[in-house]
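Here is the naming used below: chain letters follow the sequence lines, and residue numbers restart at 1 for every chain.
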2 protein chains.
Amino acid sequence: MKPQKTPATAEKLIEIAESLFAEKGFYGTSIRDLADSIAIAKSSLLHHFHTKENLYGAVLKKLADEMTEEVKAVQKQFPNEKKQIFEFVQLLCNNSEKKPNRENIILRELLDNPKRAEKAKKWFFIDYFKGLTDIIKSGQSNGVFKPVSPEIFILQLLGAHRYLIISLPTVKQFFDEKIYRQVLKDHHAELETFVRERLIKK
Amino acid sequence: MKPQKTPATAEKLIEIAESLFAEKGFYGTSIRDLADSIAIAKSSLLHHFHTKENLYGAVLKKLADEMTEEVKAVQKQFPNEKKQIFEFVQLLCNNSEKKPNRENIILRELLDNPKRAEKAKKWFFIDYFKGLTDIIKSGQSNGVFKPVSPEIFILQLLGAHRYLIISLPTVKQFFDEKIYRQVLKDHHAELETFVRERLIKK
DNA sequence: TTGACCGCCTACCGATCGGTCGGTAGAGTA
DNA sequence: TACTCTACCGACCGATCGGTAGGCGGTCAA
């Protein structure tokens, strides 16, 4: 998991690992699959990342760092918490289209983490989570947000979004074709209404 | 997967499989683990359920049947859709405390289903999902619910709940001890407010 | 020129995977 | 008694798992 000097192979590995772990999970993905996918030997993979767990950790770290950075960027770009939170909803919806693996990996990690946590003793997404609850807390102390529990609100917001996203491949068969194209747009609008009604003070 | 005459062993298997699959996922659980857990030989497990997939399918089917039945019971017990939907929220929250494995397995199944779907070509939770959207549609045609998309609303509601539940083991370290005891109660209240504001016509 | 290091390889390891096989004990039935 | 069926078992299978050992060619500093 140490930074490598020649980035090409290690970065390619993280990239392919992100998509395979997202699709099939940690135990469903073998390091043979991963190595074959970018046409290197399995032992070359292990040369870069000493163990399978390390590679998985590198994937999580990269993901968590990106996401934390995005939240910070939103905080920096907009001065008031109202704009920040709506911008974040926008970000969520955009990223689910551009980077569909993310939600899968995050969900899988939440499911597996309690077991893994005994060894790892850390949660990669802590800064991301704290960044988000901080926006809520800040908005509350400035009097623009209602006094909801920041943690519960964020978890429900993330959940409403991520669950829908990972359900879509399965449930899309139940939408009419022309309705389905509207779903992501309507979902986005619903999330915004949720934020407006449950969080924003009138 | 055929029904067995001597229920004891097969049912014990489904029971232990439900908790192990929930905890470690399909690929993370071996049939040796499962057999050992109830002290029978691995070949005896395969005598009852011809393959590991069959056993997993039996677990899903039992779960889906129970949940579909619960929704139907709510529909039957209460005449109007407003009471039905609040009763369902109550049901969700109660079951997450009584049957904590459920949410895990459902989430894992949603994540793995797109891959599995090629073979299985069926989704065990379809009746459950349809039952819920039917409540919304019925309430809408009776004029007591707002014209939201039934599918999106249900997915967001389920998501807000299930995501929070599976996150709790990981994020509970960020709650104060005395606050944490309130979380499930506050979460329940928030879900009800969400339903009241986004669904119920005033 | 040498030697340390690097990225990558083939060959191999023991452990474990899902699943098969032949067989046994016991209950039911004719 | 003889036959059948069910639940269960230990022994075994080929395949695959994560990981190790050692070697090869190239780069670069001493």
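- C/dT20 atom C1' lies 14 Å from atom CG of B/L45, rounded to whole Å.
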Donor-acceptor pairs under 3.5 Å, side chain of residues 144-153 of chain B to any protein atom, not counting sequence neighbours: which ones?
residue: B/K146; atom: NZ; partner: B/E197; partner atom: O; Å: 2.7
residue: B/S149; atom: OG; partner: B/I152; partner atom: N; Å: 3.2

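- Side-chain atoms of A/N95 and A/E70 form a donor-acceptor pair, as typed in the model, at a separation below 3.5 Å.
- A donor-acceptor pair shorter than 3.5 Å cannot be found between the side chains of B/T68 and B/D65.
- Taking atom CG of A/N54 as the reference point, atom C1' of D/dG18 lies 13 Å away to the nearest angstrom.
- If you measure from atom CG of B/D36 to atom P of C/dG18, you get 12 Å, rounded to the nearest angstrom.
- Rounded to an integer number of Å, the gap from A/Y27 OH to D/dG18 C1' is 12 Å.
- Straight-line distance from the CD atom of B/E11 to the P atom of D/dA7: 13 Å, rounded to whole Å.
- Near DNA chain C, meaning a heavy atom under 4.0 Å from it, residues 15-24 of chain B has no residue at all.
- Applying the salt bridge (charged side-chain N to carboxylate O under 4.0 Å, His left out) test to residues at least two apart or on different chains, the pairs with a partner in residues 18-30 of chain B are B/E18-B/K62, B/K24-B/D33.
- Phosphate proximity of C/dC8 to A/H47: absent, as no side-chain N or O sits under 4.0 Å from OP1 or OP2.
- In summary, B/E109 and B/R102 do not engage in a salt bridge, as defined by a charged side-chain N under 4.0 Å from a carboxylate O.
- Ring geometry, B/F21 versus B/F26: the interplanar angle falls under 30°, so the pair is classed parallel (tilted spans 30 to 60°).
- Here the straight-line distance linking atom OG1 of A/T170 with atom CD1 of B/I126 works out to 11.0 Å at 0.5 Å rounding.
- Donor-acceptor pairing under 3.5 Å is lacking for the side chains of B/H48 and B/T9.
- Of all non-hydrogen atoms in A/L45 and A/I40, the two that sit nearest each other are N-CD1, 3.8 Å.
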Pairs under 3.5 Å (N/O, protein and nucleotides 10-17 of chain C):
residue: C/dT10; atom: O4; partner: A/S43; partner atom: OG; Å: 2.7
residue: C/dC17; atom: OP1; partner: B/S30; partner atom: OG; Å: 3.2

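- Rounded to whole Å, the distance from CG on A/L46 to C1' on C/dC9 is 13 Å.
- Taking the charged nitrogens against the carboxylate oxygens, B/D112 and A/R108 do have a contact shorter than 4.0 Å, which makes a salt bridge.
- Every residue was checked against the salt bridge (charged side-chain N to carboxylate O under 4.0 Å, His left out) condition with A/E81, not counting sequence neighbours, and none meets it.
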Output a table of nitrogen or oxygen pairs between the protein and nucleotides 25-27 of chain C separated by less than 3.5 Å.
none

